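Below is one structure; the comments refer to it alone.
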Amino acid sequence: MQYWLMKSEPDEFSIDDLVRAKNQSTPWVGVRNYQARNYMRDVMQVGDRALFYHSSCPEPGVAGVVEISREAYPDATQFDPKSPYYDAKSTRAAPRWLHVDVQLVKKTRLVPLAELRATRGLEDMVTLRRGNRLSITPVTPAEWKIVEKLAARA
DNA sequence: GCCAACGTTGGC
DNA sequence: GCCAACGTTGGC
(Lines give C-alpha, C1' and ligand atoms only; values in the text may rest on other atoms or scores of the structure.)
Protein backbone atom coordinates (compact mmCIF):
# COMPACT_ATOMS: atom_id res chain seq x y z
CA MET A 1 0.00 0.00 0.00
CA GLN A 2 1.49 3.23 -1.26
CA TYR A 3 0.54 6.87 -1.46
CA TRP A 4 0.87 9.04 -4.55
CA LEU A 5 0.23 12.45 -6.04
CA MET A 6 -1.19 12.56 -9.56
CA LYS A 7 -1.35 15.77 -11.58
CA SER A 8 -4.10 16.66 -13.97
CA GLU A 9 -4.78 19.87 -15.81
CA PRO A 10 -8.33 20.83 -14.84
CA ASP A 11 -8.93 22.13 -18.38
CA GLU A 12 -8.36 18.56 -19.49
CA PHE A 13 -9.82 16.65 -16.58
CA SER A 14 -10.75 18.17 -13.23
CA ILE A 15 -11.91 16.78 -9.91
CA ASP A 16 -15.43 17.83 -10.90
CA ASP A 17 -15.15 15.81 -14.09
CA LEU A 18 -14.30 12.83 -11.89
CA VAL A 19 -17.26 13.53 -9.60
CA ARG A 20 -19.52 13.44 -12.67
CA ALA A 21 -17.84 10.46 -14.34
CA LYS A 22 -19.51 7.08 -14.65
CA ASN A 23 -18.79 5.15 -11.44
CA GLN A 24 -16.80 8.25 -10.45
CA SER A 25 -13.86 6.54 -12.06
CA THR A 26 -11.58 7.24 -15.01
CA PRO A 27 -8.69 5.73 -16.96
CA TRP A 28 -5.60 7.86 -16.32
CA VAL A 29 -4.74 8.20 -20.01
CA GLY A 30 -2.08 10.33 -21.59
CA VAL A 31 0.99 9.77 -19.43
CA ARG A 32 3.96 9.94 -21.80
CA ASN A 33 6.84 9.92 -19.38
CA TYR A 34 8.71 6.72 -18.65
CA GLN A 35 9.23 7.29 -14.95
CA ALA A 36 5.56 8.03 -14.38
CA ARG A 37 4.63 5.02 -16.49
CA ASN A 38 6.95 2.81 -14.50
CA TYR A 39 5.33 3.89 -11.26
CA MET A 40 1.94 2.88 -12.66
CA ARG A 41 3.18 -0.34 -14.20
CA ASP A 42 5.62 -1.58 -11.57
CA VAL A 43 4.71 -0.07 -8.24
CA MET A 44 1.07 0.98 -8.05
CA GLN A 45 -1.41 -1.50 -6.69
CA VAL A 46 -5.17 -1.54 -6.57
CA GLY A 47 -6.13 0.11 -3.30
CA ASP A 48 -3.28 2.61 -3.28
CA ARG A 49 -4.44 6.16 -2.69
CA ALA A 50 -3.45 9.34 -4.47
CA LEU A 51 -3.85 13.06 -4.09
CA PHE A 52 -5.61 14.48 -7.14
CA TYR A 53 -3.65 17.60 -8.03
CA HIS A 54 -4.69 20.42 -10.35
CA SER A 55 -1.72 21.75 -12.34
CA SER A 56 -1.14 24.40 -15.03
CA CYS A 57 -4.14 26.42 -13.95
CA PRO A 58 -5.00 29.62 -12.06
CA GLU A 59 -5.20 27.78 -8.73
CA PRO A 60 -2.80 24.86 -8.61
CA GLY A 61 -3.16 22.53 -5.64
CA VAL A 62 -4.67 19.39 -4.19
CA ALA A 63 -8.34 19.01 -5.10
CA GLY A 64 -9.27 15.57 -3.85
CA VAL A 65 -8.37 12.00 -3.01
CA VAL A 66 -8.61 9.02 -5.36
CA GLU A 67 -7.97 5.31 -5.15
CA ILE A 68 -6.24 3.13 -7.72
CA SER A 69 -9.08 0.92 -8.93
CA ARG A 70 -7.47 -1.06 -11.74
CA GLU A 71 -3.92 -2.15 -12.36
CA ALA A 72 -1.98 -0.86 -15.35
CA TYR A 73 -3.13 -1.80 -18.87
CA PRO A 74 -2.36 -0.44 -22.35
CA ASP A 75 -3.34 3.16 -23.11
CA ALA A 76 -5.64 3.04 -26.16
CA THR A 77 -4.92 6.66 -27.09
CA GLN A 78 -1.37 5.76 -28.18
CA PHE A 79 -2.83 3.86 -31.16
CA ASP A 80 -5.24 6.58 -32.26
CA PRO A 81 -3.70 8.83 -34.92
CA LYS A 82 -6.28 11.47 -34.11
CA SER A 83 -5.44 11.59 -30.44
CA PRO A 84 -2.99 14.18 -29.10
CA TYR A 85 -1.44 11.24 -27.24
CA TYR A 86 -0.81 9.23 -30.40
CA ASP A 87 2.58 7.52 -30.50
CA ALA A 88 3.54 6.28 -33.96
CA LYS A 89 6.37 4.20 -32.53
CA SER A 90 4.19 2.14 -30.26
CA THR A 91 2.71 -1.17 -31.39
CA ARG A 92 -0.17 -3.25 -30.12
CA ALA A 93 2.20 -6.19 -29.71
CA ALA A 94 4.46 -4.12 -27.47
CA PRO A 95 2.52 -1.14 -26.18
CA ARG A 96 4.77 1.54 -24.84
CA TRP A 97 2.25 3.35 -22.66
CA LEU A 98 0.07 2.02 -19.89
CA HIS A 99 -2.20 3.52 -17.32
CA VAL A 100 -4.20 2.64 -14.22
CA ASP A 101 -7.80 3.56 -13.46
CA VAL A 102 -8.60 5.79 -10.53
CA GLN A 103 -11.81 6.15 -8.57
CA LEU A 104 -12.98 9.10 -6.53
CA VAL A 105 -12.65 8.79 -2.77
CA LYS A 106 -13.57 12.38 -2.05
CA LYS A 107 -13.42 15.85 -3.41
CA THR A 108 -11.79 18.16 -0.88
CA ARG A 109 -11.37 21.86 -0.59
CA LEU A 110 -8.64 23.14 -2.86
CA VAL A 111 -5.39 23.10 -0.90
CA PRO A 112 -3.27 25.63 -2.79
CA LEU A 113 0.31 24.94 -3.76
CA ALA A 114 1.44 27.93 -1.70
CA GLU A 115 -0.17 26.40 1.38
CA LEU A 116 1.56 23.07 0.77
CA ARG A 117 4.86 24.88 0.45
CA ALA A 118 4.26 26.75 3.70
CA THR A 119 3.38 23.63 5.70
CA ARG A 120 5.92 22.10 8.07
CA GLY A 121 6.61 18.48 7.28
CA LEU A 122 6.08 18.82 3.54
CA GLU A 123 9.48 20.36 2.79
CA ASP A 124 10.73 17.17 1.18
CA MET A 125 7.61 16.22 -0.73
CA VAL A 126 8.82 15.09 -4.14
CA THR A 127 6.38 17.16 -6.13
CA LEU A 128 7.41 20.31 -4.28
CA ARG A 129 11.09 19.86 -5.00
CA ARG A 130 12.73 22.42 -7.19
CA GLY A 131 12.42 21.61 -10.86
CA ASN A 132 10.25 18.56 -10.38
CA ARG A 133 7.78 18.13 -13.22
CA LEU A 134 6.84 14.51 -12.87
CA SER A 135 3.08 14.01 -13.14
CA ILE A 136 3.04 11.03 -10.77
CA THR A 137 5.11 11.12 -7.60
CA PRO A 138 5.21 9.09 -4.38
CA VAL A 139 3.97 10.59 -1.12
CA THR A 140 5.18 9.32 2.26
CA PRO A 141 2.65 8.21 4.89
CA ALA A 142 3.69 11.16 7.07
CA GLU A 143 3.14 13.62 4.23
CA TRP A 144 -0.17 11.99 3.42
CA LYS A 145 -1.44 12.50 6.96
CA ILE A 146 -0.46 16.14 6.92
CA VAL A 147 -2.13 16.86 3.58
CA GLU A 148 -5.30 14.99 4.56
CA LYS A 149 -5.52 17.09 7.70
CA LEU A 150 -5.06 20.28 5.66
CA ALA A 151 -7.70 19.19 3.17
CA ALA A 152 -10.18 18.44 5.97
CA ARG A 153 -9.93 21.98 7.30
CA ALA A 154 -12.90 24.18 6.53
C1' DG B 1 4.18 35.35 -22.17
C1' DC B 2 8.36 34.24 -19.63
C1' DC B 3 11.64 31.24 -18.06
C1' DA B 4 13.90 27.57 -15.25
C1' DA B 5 14.40 22.90 -15.18
C1' DC B 6 14.12 18.66 -16.98
C1' DG B 7 13.46 14.71 -20.55
C1' DT B 8 14.17 13.16 -25.23
C1' DT B 9 16.30 13.00 -29.63
C1' DG B 10 19.77 12.34 -32.79
C1' DG B 11 24.39 13.28 -34.76
C1' DC B 12 28.83 11.88 -34.04
C1' DG C 1 28.13 6.76 -24.90
C1' DC C 2 28.37 11.80 -25.08
C1' DC C 3 26.15 15.99 -25.38
C1' DA C 4 23.94 19.92 -27.78
C1' DA C 5 19.62 21.16 -29.38
C1' DC C 6 15.08 21.01 -28.89
C1' DG C 7 10.48 20.31 -26.75
C1' DT C 8 7.64 20.19 -22.59
C1' DT C 9 6.14 21.23 -17.97
C1' DG C 10 4.27 24.24 -14.86
C1' DG C 11 4.49 28.18 -11.71
C1' DC C 12 4.31 32.92 -11.89
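Only a predicted model underlies this, so the values are computations on that prediction, with no experimental measurement involved. The sequence lines fix the lettering, A, B, ..., with proteins before strands; numbering per chain opens at 1.
Within residues 2-16 of chain A, the residues that place at least one heavy atom under 4.0 Å from DNA chain C are, in residue-number order, A:Lys7. Residues from residues 114-124 of chain A placing a heavy atom under 4.0 Å of any atom in DNA chain C do not occur.
Annotation: the span from A:His54 atom NE2 to A:Phe13 atom CZ amounts to 9.0 Å, rounded to 0.5 Å. One distance of note links CG of A:Leu18 with OG of A:Ser25; it measures 7.5 Å at 0.5 Å rounding. Here the straight-line distance linking atom OH of A:Tyr39 with atom OG of A:Ser135 works out to 10.5 Å at 0.5 Å rounding.
For A:Ser83, there are no side chain to side chain donor-acceptor pair (under 3.5 Å) partners at least two apart in sequence or on another chain. For A:Tyr34, the ring pair (Phe, Tyr, Trp, His ring centres under 6.0 Å) partners at least two apart in sequence or on another chain are A:Trp97.
Checked by atom type, the side-chain pair A:Arg32/A:Thr77 shows a donor-acceptor distance below 3.5 Å.
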Please output the side-chain donor-acceptor pairs of residues 142-154 of chain A that fall under 3.5 Å, not counting sequence neighbours, one pair per line with the distance.
unit_1: A:Glu143; atom_1: OE1; unit_2: A:Thr140; atom_2: N; d: 2.9
unit_1: A:Glu143; atom_1: OE1; unit_2: A:Thr140; atom_2: OG1; d: 3.3
unit_1: A:Glu143; atom_1: OE2; unit_2: A:Met125; atom_2: N; d: 3.4
unit_1: A:Glu148; atom_1: OE2; unit_2: A:Lys106; atom_2: NZ; d: 3.4

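The backbone N or O of A:Pro10 sits nowhere less than 3.5 Å from a side-chain atom of A:Glu12 that would complete a donor-acceptor pair.
Ring to ring, A:Phe52 and A:Trp4 are not that close: their centroids are 6.0 angstrom or more apart.
A salt bridge is defined here as a Lys NZ or Arg NE, NH1 or NH2 lying under 4.0 Å from an Asp or Glu carboxylate O, and A:Asp75 with A:Arg37 fails to meet this definition.
Taking the 5' to 3' direction, DNA chain C first and last meets chain A under 4.0 angstrom from a heavy atom at C:dG7 to C:dC12.
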